[in-house]
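Written out below as structure tokens is the structure these notes cover.
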Amino acid sequence: HLAVSLRGVTKTYDNGVMALGPFDLTVRKGEFISLLGPSGCGKSTVLRLIAELSAPSSGIVRVAHHEGVVQPGHGIGFVFQEPTLMPWTSVRENVRLPLKLAGVPKAEARGRADAALASVGLADFADAFPRELSGGMKMRVSLARALVTDPDILLMDEPFAALDEITRFRLNNDLLALWRSLGKTVIFVTHSVFESVYLSQRVVVMTARPGRIQADIRIETVEPRG
Ligand code: ADP
Ligand code: ADP
């Protein structure tokens with residue numbers, strides 16, 4: 001079963017920049033793939049197309065949503081390099097936001113926000129404010145906010161690039177543990193060959209702009225996964 005399929009997709013922006021394609025990619029449900037490629041090759045564009053934040057210039061983008069997901073982009077969690085937390089409110093309220101926007105009752109939403117925070121190791125920080133947190137912790141909050149709606153697909157755009165190496169490695173391990181326990185499809189954009197091979201089951205390497213697929217490599221792991 002496929003989570004995502006892009007067929008003959010191209011993207012040319014209004015300014016004439018041909019960012020992508022033609023580009024073909026299929027991602028199976030539950031798969032963890034990395035997208036690797038030079039700056040400006042269209043990696044973020046691929047994520048935005050999958051999230052339906054942007055429409056392709058040609059070709060077909062298909063995303064399998066679980067039953068009950070009606071609005072475009074729901075069923076997808078997005079994590080960016082910048083955590084973009086609201087500074088004026090608590091960590092819990094930041095994580096609750098997507099549920100609030102979806103009209104989930106407050107008590108239930110707070111409970112789910114706290115559970116999401118616990119899943120990223122921040123159970124004790126629900127009442128803290130973003131300014132009190134380190135960069136790695138802010139990233140964990142951002143991850144909790146992406147997971148709180150229980151999306152099928154998690155899109156991550158160079159999420160750990162701004163973090164120091166040790167924090168980044170801890171987050172890599174925690175993300176892997178989360179992926180194993182939650183069974184979500186993850187599409188992870190990174191510049192790091194190490195990170196792509198360490199985290200994912202498949203590394204998709206893109207050419208320079210306009211981005212096409214240069215290599216699609218299955219990573220054999222010593223330990224069984226999934
Ligand atoms: P990557 O994530 O691989 O760095 P992007 O998908 O962000 O690449 O961008 C691909 C190309 O498209 C780049 O040349 C970028 O400058 C251009 N681009 C991205 N977004 C827009 C936009 N909204 N309008 C015009 N050009 C854009
Ligand atoms: P804020 O975080 O800004 O306080 P809330 O989500 O608490 O926003 O509430 C927004 C509005 O919706 C408030 O008027 C609140 O009383 C109302 N509200 C929130 N949750 C419920 C609920 N479960 N039942 C009824 N009204 C609610």
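Model, not experiment: these values are computed from the prediction. Whatever order the structure lists them in is the order used to number ligands and atoms, beginning at 1. Computed over heavy atoms, backbone and side chain alike; hydrogens, waters and symmetry mates excluded.
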### Task
Could you tell me whether ligand 1 has any atom less than 4.0 Å away from a heavy atom of R48?
yes
Atom indices of ligand 1, in the order listed, that fall short of 4.0 Å to a heavy atom of [X]:
X	result
A19	10 (C), 11 (C), 12 (O)
V17	12 (O), 14 (O), 17 (C)
S39	4 (O)
K43	1 (P), 2 (O), 3 (O), 4 (O), 6 (O), 8 (O)

### Pick from C41, P210, G40: the one approaching atom 11 (C) of ligand 1 most closely through a non-hydrogen atom
G40
### Message
Can you check which of T12, N15, T45 brings a heavy atom nearest to atom 5 (P) of ligand 1?
### Response
T45
### Message
Using a 3.5 Å cut-off on N or O atoms only, is S44 in polar contact with ligand 1?
### Response
yes
### Task
Decide, yes or no, whether a salt bridge links D174 with R140 under the criterion of side-chain N to carboxylate O below 4.0 Å.
yes
### Message
Go through it in stages, so that I can follow the logic: the residues are E195 and T190, the test is side-chain hydrogen bond (donor to acceptor under 3.5 Å, both in side chains), and I'd like the CA-CA distance, side-chain angles, deciding distance and then a yes or no.
### Response
CA-CA 7 Å; E195 197 167 59; T190 179; 2.8 Å; yes
### Message
Less than 4.5 Å apart, side chain to side chain, heavy atoms only: is that true for L171 and M139?
### Response
yes
### Query
For atom 19 (C) of ligand 1, what's the nearest protein heavy atom and its distance?
Y13 CE1, 3.4 Å
### Query
To which protein heavy atom is atom 14 (O) of ligand 1 closest, and what is the distance rounded to 0.1 Å?
R209 NH1, 2.8 Å
### Message
Any side-chain to backbone donor/acceptor pair from D24 onto G8? Under 3.5 Å, distance only.
### Response
yes
### Query
Is there a protein heavy atom at a distance of less than 4.0 Å from atom 3 (O) of ligand 1?
yes
### Query
Would you say atom 27 (C) of ligand 1 touches the protein, meaning some protein heavy atom is under 4.0 Å from it?
yes
